[in-house]
Amino acid sequence: MRVGIVILPEDRWWAAEPKWRGAEEYGFDHAWTYDHLGWRNLVDGPWFSAIPTLTAAATVTSRIRLGTFVASPVARHPVPFMRELTTLDDVSDGRLVLGVGAGVDHLHYDGAVLEAPELTPKQRVDRFTEFVEALDGLLMTDKFDFAGEYYRAREARNLPGPVQRPRLPFVVAANGPRTMTLAARFGAGWVTTGKGGATADEWWAGIKQLTEVFDQRLDAVGRDRASIQRHLSLDASPVFSLSSVEAFRDAVGRARELGFTDVISHWPRSSSPYEGREAVLEQVASDVLPELHNRS
């Protein structure tokens, strides 16, 4: 079982840098940050851009994998984004993971501030599919052409290309059948936040259902079920995974039983969301992470 941590991009670098260094020193396997223009009730506070943040994090770490959680087509175009990803993969010496998702609708902050077009759920998935297909081609092929309904590219150059070959790994966020098919086609990993639920037990029941659907999607595209990493965003549950050491152990155990290879939590904050104590994070790092690594 691998464990990741999300560090929200809300602190000035003098305060953020110790967290990124700490994530590696604590023994986390991957560290992520949100790729949004603003997010939920934090829109009125400080917020920094994901790619420069991850680039800075790459310069103060050496082992831990770094990722977007998650990038989306709401505020990204695949051609300039390919250049940013190639640069970050180079600076990190091949430690970048691209977490990518369909993005929220036009009413949420990213869409609203850009006055993004109103899309139906089907259109949002169509756009997401183009986004992933375009990034896949752009990262692997120099002078790449792409002609879709939402994105176009003509002889897009990509030299020198990513450090990781044939390209950096994609972890595709998916909670529905069509996006799960996309994850099965293009993903080195799949990540889910679940189907919601008023209680933790309801949330976990939904997670179980999604794993069964994902297995079917893998079978449908002819992919070995064991060939893809399965990431679970633990804090989409009603219970914050780092509210206590016991809560974290329980969440990891339940995720393992459902076949997840990776779990992702959030660095505790002083207020909602993800309100908690860093002392719990430290105890998890000292007592639980070594057990998980030894067991795996």
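No continuous path of hydrophobic side-chain contacts links V132 to V125 [ILVMFWY only; heavy atoms under 4.5 Å]. Taking hydrophobic clusters as Ile, Leu, Val, Met, Phe, Trp and Tyr residues chained together by side-chain heavy-atom distances below 4.5 Å, V100 does not share a cluster with L37. Under the 4.5 Å side-chain contact rule for hydrophobic residues, F248 and M1 share a cluster. Hydrophobic clustering keeps L232 apart from V239 (ILVMFWY residues linked when any side-chain heavy atoms are closer than 4.5 Å, directly or through intermediates). Both V6 and V60 are part of a single hydrophobic cluster, where members link through side-chain heavy atoms under 4.5 Å apart.
Other residues, nucleotides and ligands contribute at most 12 non-hydrogen atoms within 6.0 Å of the CZ atom of R154. Heavy atoms of other residues, nucleotides or ligands lying less than 6.0 angstrom from CG of D250 number more than 12. For R12, the CZ atom sits in a loose shell: 12 or fewer heavy atoms of surrounding residues, nucleotides or ligands are nearer than 6.0 Å. The environment of E212 atom CD is dense: over 12 non-hydrogen atoms of other residues, nucleotides or ligands sit within 6.0 angstrom.
Residues D215 and R223 are not paired through a salt bridge, judged by the lack of any N-O separation under 4.0 Å between the basic side chain and the carboxylate. Checked for salt-bridge contact, R249 and E291 meet the test: a charged N lies under 4.0 Å from a carboxylate O. A salt bridge links D11 with K19: at least one charged nitrogen is closer than 4.0 Å to a carboxylate oxygen.
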For the pair T193 and N175, evaluate side chain to side chain donor-acceptor pair (under 3.5 Å) and give the outcome as yes or no after the intermediate values.
CA-CA 7 Å; T193 55; N175 294 325; 3.0 Å; yes
E149 and R127: salt bridge (charged side-chain N to carboxylate O under 4.0 Å, His left out), yes or no, with the steps?
CA-CA 8 Å; E149 181 178 355; R127 180 180 63 180; over 6 Å; no
Show your working on side chain to side chain donor-acceptor pair (under 3.5 Å) between D235 and S265 and close with a plain yes or no.
CA-CA 6 Å; D235 298 328; S265 187; 3.3 Å; yes
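Side-chain atoms of I207 and L258, non-hydrogen and from C-beta on, do get closer than 4.5 Å to each other. Under the 4.5 Å side-chain criterion, counting only non-hydrogen atoms from C-beta, V79 is not in contact with Y151. For the pair Q123 and Y150, the minimum side-chain heavy-atom distance is below 4.5 Å. Using a 4.5 Å heavy-atom cutoff, the side chains of Y109 and W47 are not in contact. Using a 4.5 Å heavy-atom cutoff, the side chains of R124 and H106 are not in contact. With contacts defined as side-chain heavy-atom distances shorter than 4.5 Å, the pair L292/R256 qualifies. Side-chain atoms of N158 and L138, non-hydrogen and from C-beta on, never get closer than 4.5 Å to each other. Side-chain contact between F48 and E10 is absent, with no heavy atoms from C-beta onward closer than 4.5 Å.
What you find for Q164 and L96 is that their closest heavy atoms are NE2-O, 2.9 Å. Looking at every heavy atom in both residues, M180 comes nearest to R217 through CB-CG, 3.6 Å.
Under the 6.0 Å cut-off for aromatic ring centres, F260 and H231 do not qualify, their centroids lying 6.0 Å or more apart. Note: W190 and F214 meet the aromatic proximity criterion, with ring centroids under 6.0 Å apart. Taking the six-membered ring wherever Trp is involved, the centroid distance between the rings of Y34 and H266 falls below 6.0 Å.
With values rounded to the nearest 0.5 angstrom, L168 atom CG is found 6.0 Å from L98 atom CG. Considering CZ of F186 and OG1 of T181, their distance stands at 11.5 Å, rounded to 0.5 Å. How far CZ of R76 is from CG of L135: 10.0 Å, rounded to the nearest 0.5 Å. Taking CG of L54 as the start and CH2 of W32 as the end, the distance is 10.0 Å to the nearest 0.5 Å. Between the CZ atom in R2 and the NE2 atom in H30 there is a gap of 6.0 Å [rounded to 0.5 Å]. One finds the CD atom of Q209 at 3.5 Å from the NZ atom of K195 (value rounded to the nearest 0.5 Å).
Ring-plane geometry between Y26 and F28 is classed as perpendicular, the angle between the planes exceeding 60 degrees on a 0 to 90 degree scale with a lower cut at 30.
No option in E17, E24, E25 other than E17 meets the salt bridge (Lys or Arg N to Asp or Glu O under 4.0 Å) test with R21.
For the pair R167 and F170, the cation sits on the ring face: its NZ or CZ lies under 6.0 Å from the ring centre, inside 45° of the axis.
A donor-acceptor contact under 3.5 angstrom links the side chains of R95 and T61, judged on distance only.
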